[in-house]
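Quick caveat, the model's predicted, so the values are computed rather than measured. Throughout, residue positions are numbered sequentially from 1 according to the sequence presented.
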Amino acid sequence: MSATGNERILVVGGGMAGLWTALELARKGRELTVLERDPPPPEASADEAFESWERKGVGHLRHSHAFLARLHILIRDHYPDLMRELLDAGCREIGFSDNLPVALKDSYKPVPGDKDMTILTSRRTTLEYVLRRYAGRQQSIRFETGALVRDVLTEKTAGGTLRVIGVKAERNGETKDWLADIVIDAAGKNSQIIDWLNERGASIAEETERAGILYFTRHYRLRDGVDEPARTKVPGAGDLGFIKYGVFPADNGCFSITLAVPEIEMELRRAIVRPETFDAICARLPGIAQWTANETSAPVSRVYGMGELISRWRHMTKDGSPRVLNFFPIGDSVIRTNPLYGRGCSFAGVAAEGLAEILDRTADMRERARLYHARLAKELRQHYDDMVKQDLAAAKRARHALEPDYRPGVKARLFKSFAEDAIMPAIRGDVELMRAFMRAFHMVDPPNTWLRDPRNVSKVLTTWARGRKRNADLYPPKLGPDRREMLTSLGLSPTADSERLKSA
């Protein structure tokens with residue numbers, strides 16, 4: 001077997017991670033089979049895909065999505081024909097200048113790197129529908145739909161390491177062994193393959209943290225002849241502590257609203273699944289009220305909920321030695337993140353690109369495993385740690401908000417002031433700072449490296465020293481009502497959750 005030989009490759013799962021992996025391997029001249037449990041997309045249109053495509057393996061298919069610049073770069077540089085198809089289907093590119101605060105628009109001057117901070121936005125079903133059909137036309141990619149993986153096939157090397165040699169899958173009522181030289185697990189967060197490997201002694205460790213929030217999404221369509229609301233000083237995304245919100249422009253006149261609620265807010269999370277409550281909340285948030293106003297749009301879906309959000313990193317090596325050979329988990333099956341940050345699809349794309357390069361570099365199965373997981377750690381670990389840290393801090397703040405007697409200490413007040421009165425105003429008032437911040441957000445640069453640049457630190461500290469009064473123009477207008485006002489307006493008790501905490 002050579003690094004570029006005719007290896008039998010199985011990809012388990014035909015979602016975003018599986019599709020990017022299949023395309024990257026095919027681009028390198030490899031042939032492979034994708035085992036996918038769900039049916040292929042409908043032939044008609046993006047709207048039909050949204051309405052009728054059954055994807056039981058993708059629980060968040062109809063939640064809001066915006067695809068970060070890192071993924072846009074992958075498509076732009078490797079698949080220009082796919083990019084044309086996506087744009088023809090209604091997907092949209094939103095550039096760096098489009099997302100600038102109103103105050104920075106007039107002074108903005110583009111630089112070459114700004115093109116690397118373009119977002120691709122659409123309904124998730126639209127992007128996956130086009131991507132799936134594109135992959136299906138590639139001669140070296142074979143799809144087997146309706147295939148449900150029931151077990152993993154393994155053997156042990158002479159040194160006692162577990163080696164994957166295929167999977168057992170059920171299709172059309174018949175169970176069959178699919179043998180392979182390489183098995184790629186792209187079956188997502190509910191994949192059982194690593195559990196099966198651990199039952200056979202793989203000892204794959206993992207670390208997990210709860211994201212601490214739940215998601216609720218509803219889709220809307222602009223009325224005929226109505227344009228999207230113009231951008232104003234009131235942002236289309238914000239964090240009120242007891243609720244986070246965001247507008248997600250999509251394709252073909254559609255957009256979605258996602259409201260994220262801390263797990264601890266029991267009153268709100270129980271009520272928000274009702275469409276009338278969801279829309280009432282939107283009407284009280286200035287940044288999105290103009291979008292959901294009756295004269296602007298009409299709802300076209302129910303409220304979709306998503307819970308049990310957990311960040312997870314699985315360790316496939318120990319002291320540099322792989323726990324399993326010829327097996328490469330990708331996407332949520334190995335690294336699961338909070339969807340709040342929109343990085344799951346980009347993580348999968350980065351991992352797929354790296355895997356394709358590594359399989360070409362060496363045929364040694366141990367070296368392949370070592371290089372692949374080292375690549376994940378180098379490219380993604382800092383972003384993962386940053387997200388987990390932010391989630392833990394947000395969950396802590398949400399709990400404190402329900403504790404009437406809580407008073408923040410000096411350190412907590414200082415950190416809060418640094419974030420709200422130094423970093424964010426400085427970014428809103430300086431294009432170069434905004435550029436550096438967004439490069440990290442979009443995974444073009446590692447997280448927080450921009451704050452290690454002495455020039456940037458000096459700008460932030462100078463902004464902080466000027467004080468709130470002199471920086472008044474750098475703050476957005478009020479994002480919405482406080483917690484008590486919002487819950488009372490919805491007919492909910494603003495004290496029930498606090499009382500529950502006291503009695504717990």
Can you check salt bridge (charged side-chain N to carboxylate O under 4.0 Å, His left out) on Arg92 and Glu228, steps first, answer last? CA-CA 13 Å; Arg92 298 161 56 190; Glu228 290 180 354; 2.6 Å; yes

Spell out, as yes or no, whether a donor-acceptor pair under 3.5 Å connects the side chain of [X] to the backbone of [Y].
| X | Y | answer |
| --- | --- | --- |
| Asp114 | Phe96 | no |
| Ser333 | Ile330 | yes |
| Tyr304 | Tyr215 | no |
| Arg312 | Asp332 | yes |
| Thr21 | Ala17 | yes |
| Gln138 | Ser140 | no |
| Thr118 | Lys115 | yes |
| Lys189 | Gly331 | no |
| Asp98 | Gly95 | yes |

Roughly how far apart are [X] [atom1] and [Y] [atom2], rounded to 0.5 Å?
| X | Y | atom1 | atom2 | result |
| --- | --- | --- | --- | --- |
| Asp195 | Arg200 | CG | CZ | 11.5 Å |
| Thr157 | Leu162 | OG1 | CG | 8.5 Å |
| Leu120 | Leu74 | CG | CG | 11.0 Å |
| His78 | Glu24 | NE2 | CD | 5.5 Å |
| Ile264 | Arg397 | CD1 | CZ | 13.5 Å |
| Lys318 | Arg323 | NZ | CZ | 5.5 Å |

Over all atoms of both residues, closest heavy-atom pair of [X] and [Y]:
| X | Y | result |
| --- | --- | --- |
| Arg132 | Pro40 | NH2-CB, 3.7 Å |
| Val130 | Ala89 | CG2-CB, 3.6 Å |
| Asp181 | Asn6 | OD2-O, 4.4 Å |
| Cys91 | Thr126 | SG-CG2, 3.9 Å |
| Leu19 | Ala135 | CD2-CB, 4.0 Å |
| Ser297 | Phe255 | OG-CZ, 3.5 Å |

Do [X] and [Y] come within less than 4.5 Å of each other through their side chains, counting heavy atoms only?
| X | Y | value |
| --- | --- | --- |
| Phe67 | Ile75 | no |
| Ile184 | Leu32 | no |
| Pro41 | Glu128 | no |
| Cys282 | Arg218 | no |
| Thr296 | Leu222 | yes |
| Trp291 | Pro249 | yes |
| Asp88 | Glu85 | no |
| Arg368 | Thr362 | yes |

Examine Arg343 relative to Phe441 and say whether NZ or CZ is less than 6.0 Å from the centre of the six-membered ring and inside a 45° cone about the ring axis. yes

Establish, for the pair Arg439 and Trp450, whether the NZ or CZ atom is under 6.0 angstrom from the six-membered ring centre and no further than 45 degrees off its axis. no

Trace of the salt bridge (charged side-chain N to carboxylate O under 4.0 Å, His left out) decision for Glu432 with Arg435: CA-CA 5 Å; Glu432 291 182 0; Arg435 183 177 286 120; 5.5 Å; no

Residue that, paired with Trp178, satisfies side-chain contact (heavy atoms from CB on, under 4.5 Å) out of Lys168, Arg8, Glu144: Glu144

Classify the side-chain pair Thr161/Arg366 by whether it contains a donor and acceptor separated by less than 3.5 Å. yes

Whether Phe328 and His373 hold their rings parallel, tilted or perpendicular, with breakpoints at 30° and 60°: parallel

Tell me, with the steps shown, if Asn326 and Ile165 meet side-chain contact (heavy atoms from CB on, under 4.5 Å). CA-CA 7 Å; Asn326 294 346; Ile165 59 172; 5.9 Å; no

Carefully, step by step, assess Phe216 and Ile243 under the rule side-chain contact (heavy atoms from CB on, under 4.5 Å). CA-CA 11 Å; Phe216 302 91; Ile243 195 167; over 6 Å; no

Before you tell me yes or no, could you show the steps for Gln382 and Asp386 under side chain to side chain donor-acceptor pair (under 3.5 Å), namely the whole-Å CA-CA distance, both residues' side-chain angles and the distance that decides it to 0.1 Å? CA-CA 6 Å; Gln382 290 183 69; Asp386 184 60; over 6 Å; no

Is the number of heavy atoms from other residues, nucleotides or ligands under 6.0 Å of [X] [atom1] greater than 12?
| X | atom1 | result |
| --- | --- | --- |
| Glu155 | CD | yes |
| Glu263 | CD | yes |
| Lys378 | NZ | no |

Where do Phe327 and Asp185 land on the side-chain contact (heavy atoms from CB on, under 4.5 Å) test, with the steps shown first? CA-CA 7 Å; Phe327 173 73; Asp185 179 8; 3.6 Å; yes

Side chain to side chain contact (heavy atoms under 4.5 Å, CB included) filter on Ile310, not counting sequence neighbours, yields Thr208, Arg210, Glu308, Arg336

Results of side chain to side chain contact (heavy atoms under 4.5 Å, CB included) for Val300 - residues two or more places apart only: His219, Arg221

I would like to know whether Glu379 and Arg375 meet salt bridge (charged side-chain N to carboxylate O under 4.0 Å, His left out); could you show each step before the answer? CA-CA 6 Å; Glu379 293 274 357; Arg375 178 75 167 258; 3.8 Å; yes

Report the C-alpha distance between Glu7 and Lys28 in whole Å, list the side-chain angles of each, state the deciding distance to 0.1 Å, and finish with yes or no for salt bridge (charged side-chain N to carboxylate O under 4.0 Å, His left out). CA-CA 13 Å; Glu7 296 171 299; Lys28 294 285 188 176; over 6 Å; no

Go through Leu86 and Tyr134 one step at a time and tell me if the side-chain contact (heavy atoms from CB on, under 4.5 Å) criterion holds. CA-CA 10 Å; Leu86 288 167; Tyr134 177 85; over 6 Å; no

Starting from the C-alpha separation in whole Å, work towards a yes-or-no answer on side chain to side chain donor-acceptor pair (under 3.5 Å) for Tyr129 and Asp47. CA-CA 10 Å; Tyr129 156 78; Asp47 282 345; over 6 Å; no

Does Thr258 form a side chain to side chain donor-acceptor pair (under 3.5 Å) with Ser64? I'd like the steps, not just the answer. CA-CA 6 Å; Thr258 288; Ser64 298; 2.7 Å; yes

